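Residue numbers run from 1 in the order of the sequence given. Just so it is clear, the structure is predicted and the values come from calculations on it, not from any experiment.
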Amino acid sequence: MSILHADPEFAILDEQLYYNNIFEKISRKIRPELYEIISKFMPDSQFEAIKKRGISKEKRRRCEKSEDATWIEKIATEVRKVGKEMGYFKESSNQDNNLKAREAAEKALCFETPSTSMSSTQVVTFQRFEKLDKLLCNGIISNWMKCSEEEPGVVENSEGQMIFIPPGATFHVGDVADVEQYSAINDILFDLVVADPPWFNKSVKRKKTYEMNEQVIDNLDIRSITTNDALIVFWITNRNWVEEEMRERFESWDMEVIATWKWLKVTTQGEPVYDFDKEKHKLPYESIVFAKKKSSRREFNIPEKFVFASIPMAVHSHKPPLLELLQHFGIDFMQ
């Protein structure tokens, strides 16, 4: 299990362990450098200034913290204490502004994704190893590709780069809206949907990490692809209007919000990756909203408020897997 600690208020997850357990059968491990987040996130210019002049002793202007920030900051202290006691968080004198992690992330993002012109509803099952072009059908038609249940699979692209697929997983290169046709034709309904929409974000706009288009949420009919007792999970930004807007969407979909959790991002030393009190600064946590259909009689016994902490992967916008945490609360899903 990748859950190192869990109590009624918070949990500590080891994402690296989660992936290593999945690919143990094929003797593959995720690059540990991706999780070498030793120090707080900051621009290189700020890091170099601190190295030259030291941390400024000037009195900083403190902005008024939100209720959430105050609560999570208190939890963060307990997270660090528990993590250090179990030997998971360790002090380090190596300060390179997370250079190894950032370089590993750049390598991971160099993967060449094929450009497909058509989407198919065909499900192609493969075992162990397959060429991506073959799975895509002439390299231009994007099928739905399913790995066998027996062991993880390896897919290789035209550049010789490899993708490792969990056993039983189905993946697709294409538009998220393609899932509606796939669901209808193959008579498949989902009992868990985890979505991380491309919300508007100044950092993303600056770095051009992905194309921001919130319209994709409204274009996807979540109700038609899910079972009546499905759990619907949406990652959202910390902007108040986003949560309000998401709640309005759930209401329009005839769904109700049952919980809002916070993902606390920490360094290998257990410190939050950003400070809580810096004005106009990023926060060290992200929000995730859980909902279900109003017609559902299923009870999801999850906390209404909860914090789970982990060392984040250095790849931008990557989110930690939630499956084992949900299973910890007694929630099982169809395979």
Side-chain angles (χ1 to χ4, degrees), residues 11 13 15 66 68-69 72 171-172 174-180 182-183 188-204 209-265 282-296 298-310 312-313 315-329 331 333-334:
L13 312 183
E15 181 181 330
S66 67
D68 273 346
I72 299 168
F171 72 99
H172 176 70
D175 195 291
V176 67
D178 296 343
V179 73
E180 290 182 35
Y182 166 80
S183 173
I188 293 174
L189 294 177
F190 301 95
D191 58 357
L192 172 65
V193 171
V194 180
D196 185 17
W199 300 107
F200 180 83
N201 180 294
K202 288 183 179 179
S203 174
V204 172
T209 312
Y210 57 74
E211 183 179 346
M212 297 176 290
N213 182 6
E214 296 170 21
Q215 190 63 39
V216 297
I217 309 173
D218 298 314
N219 291 343
L220 185 63
D221 187 359
I222 297 288
R223 292 167 295 187
S224 69
I225 63 172
T226 51
T227 65
N228 191 59
D229 292 331
L231 182 64
I232 317 298
V233 185
F234 268 76
W235 286 94
I236 61 173
T237 70
N238 288 316
R239 296 174 180 272
N240 291 333
W241 65 267
V242 173
E243 182 169 354
E244 292 171 4
E245 188 178 278
M246 198 64 239
R247 286 178 178 272
E248 290 175 1
R249 279 197 179 93
F250 281 131
E251 186 66 31
S252 69
W253 295 339
D254 204 25
M255 298 178 184
E256 59 182 336
V257 173
I258 59 173
T260 302
W261 290 3
K262 305 295 181 181
W263 171 36
L264 174 65
K265 294 177 276 188
K282 290 183 178 179
L283 292 167
Y285 59 86
E286 295 189 39
S287 301
I288 184 168
V289 180
F290 297 80
K292 69 173 186 177
K293 294 180 180 179
K294 291 182 179 180
S295 56
S296 172
R298 182 177 182 182
E299 292 296 328
F300 293 99
N301 295 316
I302 60 176
E304 187 176 346
K305 291 179 64 177
F306 191 70
V307 174
F308 57 99
S310 71
M313 184 189 285
V315 174
H316 190 275
S317 296
H318 173 81
K319 302 298 190 296
L322 301 171
L323 188 59
E324 288 191 350
L325 190 54
L326 293 174
Q327 289 172 338
H328 169 78
F329 287 105
I331 303 175
F333 301 98
M334 296 183 295

Distance-minimising heavy-atom pair for [X] and [Y]:
X	Y	result
A69	S66	N-OG, 3.1 Å
L264	Y285	CA-CB, 4.2 Å
D221	E180	N-OE2, 2.9 Å
L325	A11	CD1-CB, 4.1 Å
R298	I331	NH2-CG2, 3.5 Å
D229	S296	OD1-OG, 2.7 Å

Check whether the ring centres of F329 and F300 lie less than 6.0 Å apart, and answer yes or no.
->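 Ring centroids of F329 and F300 are no less than 6.0 Å from each other.
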Taking the six-membered ring for Trp and the full ring for Phe, Tyr or His, determine whether the centres of W235 and W199 are under 6.0 Å apart.
->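 Ring-ring flag for W235/W199: false, centres at least 6.0 Å apart.
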With heavy-atom distances below 4.5 Å as the criterion, would you say the side chains of [X] and [Y] are in contact?
X	Y	result
F190	T227	no
L322	F308	yes
L192	V233	yes
V194	I232	no
R223	M255	yes
T226	L189	no

Got a sec, which residues hit ring-ring contact (aromatic ring centres under 6.0 Å, His included) with F290, two or more places apart in sequence or on another chain?
->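 For F290, the residues satisfying ring-ring contact (aromatic ring centres under 6.0 Å, His included) (neighbours in sequence not counted) are W261.
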Not counting sequence neighbours, list each pair that qualifies as a salt bridge (Lys or Arg N to Asp or Glu O under 4.0 Å) and has a residue in residues 283-295.
->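 Of all non-adjacent pairs touching residues 283-295, those that pass salt bridge (Lys or Arg N to Asp or Glu O under 4.0 Å) are E251-K294, K265-E286, E286-K319.
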Residue pairs, two or more places apart or on separate chains, that pass salt bridge (Lys or Arg N to Asp or Glu O under 4.0 Å) and touch residues 255-264 =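 Listed once each, the pairs are D68-K262.
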Any side-chain donor-acceptor pair under 3.5 Å between S295 and N228?
->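 Judged by distance alone, the side chains do pair up.
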